[in-house]
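To keep things clear, I will list the structure first and then write my remarks on it.
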Amino acid sequence: MANFKTLPGFREFYPEDYAKRKHIFQIWRQVARRFGFQEFDGPVLESLELFKAKSGDEIESQLFCFTDKGGREVSLRPEMTPTLARMVGAKANALKRPIKWFCLGDNFRYEKQQRGRLRCFSQLNVDILGEAGPSADIELISLLIDMLTSFGLTHEDFYIRLSDRNMWFLYLEALGNDEAQVTQILGIVDKWERLPEDAVREKLTGIVGDKGRSLWEAIDAFIKIDSLPALRKIFDGLNVEGESAERLQARLDDWSALLGGLELMGYKEFLQLDLSIVRGLAYYTGFVFEAFDRKGEFRALAGGGRYDTLVKKMGGPDMPAVGFGMGDVVLGELLADRGCMPQFVDTVDVYAVIGGEEERKAALADIGSLRQAGYSVDYAFKNQNFGKQFKAASAAGARLAVIYGSEELEKGVVKIRNMSDRSEEEVPRSHLAEAVRSLL
RNA sequence: GUGGCUGUAGCUCAGUUGGUUAGAGCAUCGGAUUGUGAUUCCGAGGGCCGCGGGUUCGAGUCCCGUCAGCCACCCCA
């Protein structure tokens with residue numbers, strides 16, 4: 001026995017834990033459907049190449065991958081996006097736009113586990129494909145906020161940090177950097193807070209030479225921007241002209257639309273413009289966002305953004321896309337911390353309290369009927385005194401106890417006890433189902 | 001993958017400078033209690049002290065290794 005432990009990073013769900021996960025899944029599904037998204041799923045096991053194609057060869061060290069019996073290099077899925085991109089790409093011409101899909105399933109990453117990070121976790125993915133404008137981003141971010149508030153969280157518990165890789169490109173190119181340099185610089189921006197300042201300056205100098213010093217100042221100023229007016233202002237100081245000026249203006253208009261739309265929907269207090277978010281891997285192409293708890297005690301709750309070029313890269317047609325992922329692990333920790341987790345495992349409607357062996361016959365007959373009528377009913381397998389049975393009824397969360405005592409059965413009745421207010425009434429056994437229905 | 005800390009019952013923890021058969025509370029089960037959810041009382045089960053090796057007359061205790069967990073890195077799709 002003692003030798004058969006769960007593998008590191010894999011969880012077992014005892015009923016109490018399962019109830020918590022089920023609660024999370026229920027809200028995820030409920031809100032996604034409220035927003036008109038359709039649920040899909042793909043294979044848990046895919047070819048290793050699929051994930052390498054999206055993220056590069058280096059990803060292999062973090063994949064739960066192996067060679068199968070047919071000699072195929074395969075991997076448990078670390079995320080849904082490549083599968084989604086393939087599925088959408090394969091039927092792109094037949095699918096109604098916009099494509100609004102979500103998926104809920106287990107994902108696997110071969111990493112050393114820590115709090116908030118396991119090797120197997122459930123993740124919700126929500127994506128909109130086929131819409132390039134900010135309406136899709138608005139829809140997705142409002143869905144994310146609505147989902148978190150549906151768990152009982154408020155703007156005092158979490159917020160969304162909004163950023164934009166496009167804006168970074170416009171800014172850094174206006175400062176005279178080419179595309180390759182910008183990509184490298186964004187890799188440093190991602191680590192801006194975590195690396196010591198000297199190390200950051202050194203890396204910048206490595207990319208742009210003597211301009212490293214002024215570039216550091218410029219990036220530091222850009223990261224500190226926390227409002228749209230401040231963003232406009234910083235570009236005023238740079239003489240952006242011609243085609244770049246047009247792209248800049250269009251992008252600023254997108255920002256107005258995004259923030260304006262989310263404010264109209266009542267989500268202003270959840271939003272924070274924060275350009276320090278660029279998100280690690282380089283396939284994000286526009287708005288990016290992450291949800292965090294306000295106190296900063298936990299890892300990111302959710303993260304996502306635009307990936308307008310990925311579907312094509314994965315073999316499909318040109319297809320703008322935006323999506324986010326949210327795992328059950330960090331969310332579950334935050335919900336528990338804020339008292340937003342359900343207290344009880346599944347409960348029953350009725351608990352039958354049985355006086356003895358003779359009474360059991362009548363009870364079993366009625367229990368069968370009640371169950372067929374759709375009520376959940378539980379009862380003790382062995383004869384026990386009433387006190388124990390009421391205790392068990394209470395522990396089972398029963399709303400009603402139906403009492404089968406010799407006195408009642410002689411009169412052809414049973415006693416129904418309302419477990420919450422302890423009131424009791426006698427009803428004829430022939431009318432039990434109706435009585436239960438009216439009391440529940 | 002690297003480093004630090006921690007492993008005793010299902011849970012929370014005691015366990016003396018190394019010394020007899022490893023304890024408590026909670027939880028579980030049984031009983032007091034075959035007509036009502038509380039309280040109380042009595043009792044029971046439950047441990048290769050993470051695992052392996054070493055030192056010693058003797059190891060839960062000291063040493064080494066290993067595994068697992070936590071924390072910080074790396075990474076975070």
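Because only heavy atoms are used, hydrogens play no part in the values below, and waters and symmetry mates are left out as well, while side chains stay in. The chains referred to below are lettered A, B, ... by the order of the sequence lines, with proteins before strands, and numbering in each begins at 1.
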Is there a donor and acceptor pair closer than 3.5 Å between the side chain of A:Arg279 and the base of B:rA77?
no
Who passes side chain to side chain donor-acceptor pair (under 3.5 Å) against A:Glu424, sequence neighbours left out?
A:Arg417
Atom C1', compared across B:rA44 and B:rC51: separation rounded to whole Å
30 Å
Is A:Arg119 close enough and on-axis enough to A:Tyr110, meaning under 6.0 Å and within 45°, for cation-pi?
yes
Between B:rU6 and B:rC13, how far apart are the two C1' atoms, rounded to whole Å?
14 Å
I'd like the P distance from B:rC11 over to B:rC48, given in whole Å.
12 Å
Please report the distance separating the P of B:rG10 from the corresponding atom of B:rC49, rounded so that it comes out in whole Å.
12 Å
Between B:rG30 and B:rC70, how many Å separate the two P atoms, rounded to a whole number?
35 Å
Separation of A:Glu111 atom CD from B:rG1 atom P, in whole Å?
12 Å
Under the side-chain contact (heavy atoms from CB on, under 4.5 Å) rule, what do A:Glu39 and A:Trp28 come out as? Steps first, then yes or no, please.
CA-CA 11 Å; A:Glu39 188 166 2; A:Trp28 279 351; over 6 Å; no
Using the P atom as the point on both nucleotides, what is the distance between B:rG60 and B:rG3, in whole Å?
30 Å
Whether A:Asp293 and A:Lys295 form a salt bridge (side-chain N of Lys/Arg under 4.0 Å from carboxylate O of Asp/Glu) is what I want to check.
no
Given Watson-Crick or G-U pairs with both distances under 3.5 Å, what dot-bracket string fits RNA chain B, with | for other-strand pairs and [ ] for crossing?
(((((((..((((.....[...)))).(((((.......))))).....(((((..]....))))))))))))....
Euclidean distance, atom CG of residue A:Asp57 to atom C1' of B:rC75 [Å, nearest integer]:
17 Å
Salt bridge or not between A:Asp41 and A:Arg77? Use side-chain N to carboxylate O under 4.0 Å.
yes
Interatomic spacing from CG in A:Leu195 to CD1 in A:Ile188 - rounded to 0.5 Å:
8.5 Å
Using atom CZ of A:Phe51 as one end and atom P of B:rC76 as the other, report the distance to the nearest whole Å.
17 Å
Using the ring of A:Phe121 (Phe, Tyr or Trp, six-membered ring only), decide whether A:Arg109 places NZ or CZ under 6.0 Å from its centre and within 45 degrees of its axis.
no
Polar atoms only, N or O, under 3.5 Å: list the protein pairs with nucleotides 35-40 of chain B and their distances.
from: B:rG35; atom 1: O6; to: A:Ser406; atom 2: N; distance (Å): 3.0
from: B:rG35; atom 1: O6; to: A:Glu407; atom 2: N; distance (Å): 3.1
from: B:rG35; atom 1: O6; to: A:Glu408; atom 2: OE1; distance (Å): 3.3
from: B:rG35; atom 1: N1; to: A:Glu408; atom 2: OE1; distance (Å): 2.8
from: B:rG35; atom 1: N1; to: A:Glu408; atom 2: OE2; distance (Å): 3.0
from: B:rG35; atom 1: N2; to: A:Glu408; atom 2: OE2; distance (Å): 2.4
from: B:rG35; atom 1: N2; to: A:Lys415; atom 2: NZ; distance (Å): 3.3
from: B:rU36; atom 1: O2; to: A:Arg417; atom 2: NE; distance (Å): 3.3
from: B:rU36; atom 1: O2; to: A:Arg417; atom 2: NH1; distance (Å): 2.9
from: B:rU36; atom 1: O2; to: A:Glu424; atom 2: OE2; distance (Å): 3.3
from: B:rU36; atom 1: N3; to: A:Glu424; atom 2: OE2; distance (Å): 2.7
from: B:rU36; atom 1: O4; to: A:Lys415; atom 2: NZ; distance (Å): 3.2
from: B:rU36; atom 1: O4; to: A:Glu424; atom 2: OE1; distance (Å): 3.4
from: B:rG37; atom 1: N7; to: A:Arg417; atom 2: NE; distance (Å): 3.3
from: B:rG37; atom 1: N7; to: A:Arg417; atom 2: NH2; distance (Å): 2.5
from: B:rG37; atom 1: O6; to: A:Arg417; atom 2: NE; distance (Å): 3.0
from: B:rG37; atom 1: O6; to: A:Arg417; atom 2: NH2; distance (Å): 3.3
from: B:rG37; atom 1: O6; to: A:Met419; atom 2: O; distance (Å): 3.1
from: B:rG37; atom 1: N1; to: A:Met419; atom 2: O; distance (Å): 2.5
from: B:rG37; atom 1: N2; to: A:Ser394; atom 2: OG; distance (Å): 3.2
from: B:rA38; atom 1: OP2; to: A:Lys391; atom 2: NZ; distance (Å): 3.3

Between NZ of A:Lys191 and C1' of B:rC75 the distance, given in whole Å, is 8 Å
Inter-nucleotide P distance (B:rU40, B:rA27), Å rounded:
10 Å
Does the pair A:Arg247/A:Glu173 count as a salt bridge with the N-to-O cut at 4.0 Å?
yes
Using only atom types and a distance under 3.5 Å, with no angle test, would you say the side chain of A:Asp157 pairs donor to acceptor with the backbone of A:Thr154?
yes
Answer yes or no: is there an ion pair linking A:Arg294 with A:Glu156, defined by an N-O contact shorter than 4.0 Å?
no
Listed in order of residue number, which residues of residues 306-332 of chain A have a non-hydrogen atom at under 4.0 Å from RNA chain B?
none
Do the side chains of A:Arg201 and A:Asp198 get close enough for a salt bridge, i.e. N-O under 4.0 angstrom?
no
Is any NZ, NE, NH1 or NH2 atom of the basic residue among A:Arg21 and A:Asp17 found under 4.0 Å from an Asp or Glu carboxylate oxygen of the other?
no
If you measure from the C1' atom in B:rA24 to the same atom in B:rA38, how many Å do you get, rounded?
25 Å
Pick from A:Glu297, A:Arg115, A:Arg299: which one makes a side-chain contact (heavy atoms from CB on, under 4.5 Å) with A:Glu333?
A:Arg115
Apply ring pair (Phe, Tyr, Trp, His ring centres under 6.0 Å) to A:Phe381 and list each qualifying residue two or more places apart in sequence or on a separate chain.
A:Tyr379
Take the protein atom CG of A:Leu186 and the nucleotide atom P of B:rC76, then report the distance between them rounded to whole Å.
14 Å
Between the protein and nucleotides 68-72 of chain B, list the N/O to N/O atom pairs that are separated by less than 3.5 angstrom.
from: B:rG69; atom 1: OP1; to: A:Gln113; atom 2: NE2; distance (Å): 2.0
from: B:rG69; atom 1: O5'; to: A:Gln113; atom 2: NE2; distance (Å): 3.4
from: B:rC71; atom 1: OP1; to: A:Arg115; atom 2: NE; distance (Å): 3.1
from: B:rC71; atom 1: OP2; to: A:Arg115; atom 2: N; distance (Å): 2.7

